[in-house]
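Single-structure report; data block below.
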Amino acid sequence: MESIYIFYLLLFIVAFLYSSVGHGGASGYLALMAIYAFSPEVMKPTALMLNLFVSLTSFIQFYRGKHFKWNIFLPLALASIPMAFIGGLITMDADLYKKIVGLLLAIPVIRFLFFKNSTTEELKKNSIGLSIGIGSVIGLLSGLIGIGGGIILSPVLLLLKWTDQKQTAAISALFIFVNSFSGLSGHLTKGLNFSPDMISYVVIAFAGGLFGAYFGSLKFNQNIVKNTLAIVLLVAGIKLIFT
C-alpha cells in the first residue's frame, strides 16, 4: 500500500516539473511506470492519456503569457497528427520498447543541460518544408512509443533558433496534446489497456500539471527545474536500457 502512495507522489512531481517547462511529461511517466513494472501495453496509452491533461494545462498558461506562435506550430502539427495515429497502430516487443524509451530519454537530458535560451535577436524564420519533415518523424515516434513528441521537438526548435525558451514551451505543449490524442486514437482501434487506477492518475497528474504550468510560465527559474529533470531522466534512462 505504501508503494502506491509513493507512486502517486512521484507522479505529481513529474507532472509538476514537466509542465513547468511546457511538456506533458510522457517520458517521465514512462520511466516511472517502467520502474514500477507496468507492461508496455499499459504504459503507452496511460502516458498518452496523462499527456492530454497536463499538456493542455501547460499550453493554456503559456498561451496566456503570449508566447505561442501559430505559424510555427501549424505545419509541424499537420504533418505529425496522421503519423502519430499510424505509430499508435504498431505493437513492439516489450524489451525493445523499454530500450528505445531509455534512449529517447537522452534527448531531454541533452536539451535541458546543453541548450541555452535564444535571444529574440537570434531567432530565424521557420521553413515550411523542413517543418513538415520534422513533424512527420516526431509524430510517428510519438504514437509508436507513447509520448507527445515535445521532448524531441523542443531541442529541434531551439537548435534551429525558430523560437525562444518560452515560445518553445508553448508550441511543444499544444504539439504534445494533438499528438497524444492522435496516438491514443490509433491505440483505440486495437483496444486500450488502462490501469484500474487511471482516474486517480489523471487527477494527480492534472493537479501537478496545473501548479507546474502556473509557476513555470510566471515564477520559476527554469534552469533549476531543467537540471533537476535532466538528472532524474538520466538515471531512469540508464535503468531502462541496462535492466
Side-chain angles (χ1 to χ4, degrees), residues 11 14-15 18-19 21-30 32-33 38 40-64 67-70 72-92 97 101 104 108 131-132 134-154 156-157 168-195 198-210 212-213:
L11 180 61
V14 168
Y18 267 86
S19 65
V21 291
H23 289 284
S27 57
Y29 307 141
L30 289 172
L32 183 57
M33 286 186 284
F38 284 57
E41 292 77 17
V42 173
M43 288 169 64
K44 291 168 66 175
T46 300
L48 290 171
M49 178 64 78
L50 296 177
N51 253 3
L52 287 176
F53 290 90
V54 177
S55 62
L56 183 59
T57 302
S58 184
F59 166 70
I60 290 171
Q61 292 292 347
F62 280 98
Y63 184 83
R64 289 172 61 188
H67 301 298
F68 189 74
K69 300 291 182 182
W70 282 107
I72 296 176
F73 169 77
L74 283 175
L76 290 165
L78 291 175
S80 70
I81 290 171
M83 297 305 291
F85 180 86
I86 293 171
L89 297 173
I90 301 171
T91 302
M92 296 179 61
Y97 172 76
V101 172
L104 283 178
S131 295
I132 292 172
I134 292 169
S136 298
V137 173
I138 297 177
L140 181 63
L141 282 172
S142 298
L144 182 66
I145 303 301
I147 58 175
I151 61 168
I152 307 173
L153 178 63
S154 291
V156 171
L157 291 177
T168 298
I171 292 167
S172 294
L174 189 57
F175 185 82
I176 289 164
F177 178 84
V178 298
N179 278 320
S180 297
F181 186 85
S182 182
L184 266 178
S185 300
H187 283 285
L188 185 62
T189 63
K190 56 183 181 180
L192 294 175
N193 294 298
F194 287 128
S195 165
M198 172 57 73
I199 294 177
S200 298
Y201 299 166
V202 168
V203 171
I204 292 168
F206 180 75
L210 192 64

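Note that the structure is predicted; figures quoted are calculated from it, not measured. The chain is numbered in sequence order, starting from 1.
- Heavy-atom minimum distance, Ser55 versus Ile176: CB-CG2, 3.6 Å.
- The minimum heavy-atom distance linking Leu48 with Ser142 is given by the pair CD2-O, 4.4 Å.
- The distance from atom CD1 of Ile152 to atom OG of Ser80, rounded to the nearest 0.5 Å, is 11.0 Å.
- Around CZ of Phe181, the count of heavy atoms belonging to other residues, nucleotides or ligands within 6.0 Å does not exceed 12.
- Note that CG of Leu30 and CG of Leu50 are 9.5 Å apart. Values are rounded to the nearest 0.5 Å.
- Taking each heavy atom of Ser172 and Ser154 in turn, the nearest pair found is OG-OG, 2.9 Å.
- Residues forming a side-chain contact (heavy atoms from CB on, under 4.5 Å) with Ile60 (at least two apart in sequence, or on another chain): Leu56, Arg64.
- With sequence neighbours excluded, the residues forming a side-chain contact (heavy atoms from CB on, under 4.5 Å) with Ser182 are Ile81, Ala84, Phe85, listed by chain and number.
- Contacts of Phe177 classified as ring pair (Phe, Tyr, Trp, His ring centres under 6.0 Å), with partners at least two apart in sequence or in another chain: none.
- Distance check, rounded to the nearest 0.5 Å: CD1 of Ile171 to NZ of Lys69 gives 8.5 Å.
- One distance of note links OG1 of Thr46 with CG of Leu32; it measures 11.5 Å at 0.5 Å rounding.
- Between Met49 and Met198, the shortest heavy-atom contact is CG-SD, 4.0 Å.
- Qualifying side-chain hydrogen bond (donor to acceptor under 3.5 Å, both in side chains) partners for Ser180, counting only residues two or more places apart in sequence or in other chains: Asn51.
- Applying the side-chain contact (heavy atoms from CB on, under 4.5 Å) rule to Leu144 yields the partners Ile90, Met92; only residues at least two apart in sequence or on another chain are considered.
- Evaluation of the side-chain contact (heavy atoms from CB on, under 4.5 Å) rule for Leu140 yields Met83, Ile86 as partners, not counting sequence neighbours.
- Within a 6.0 Å radius of CZ in Phe73, more than 12 heavy atoms belonging to other residues, nucleotides or ligands are found.
- Among all heavy-atom pairs drawn from Leu89 and Gly186, the shortest one is CD2-O, 3.3 Å.
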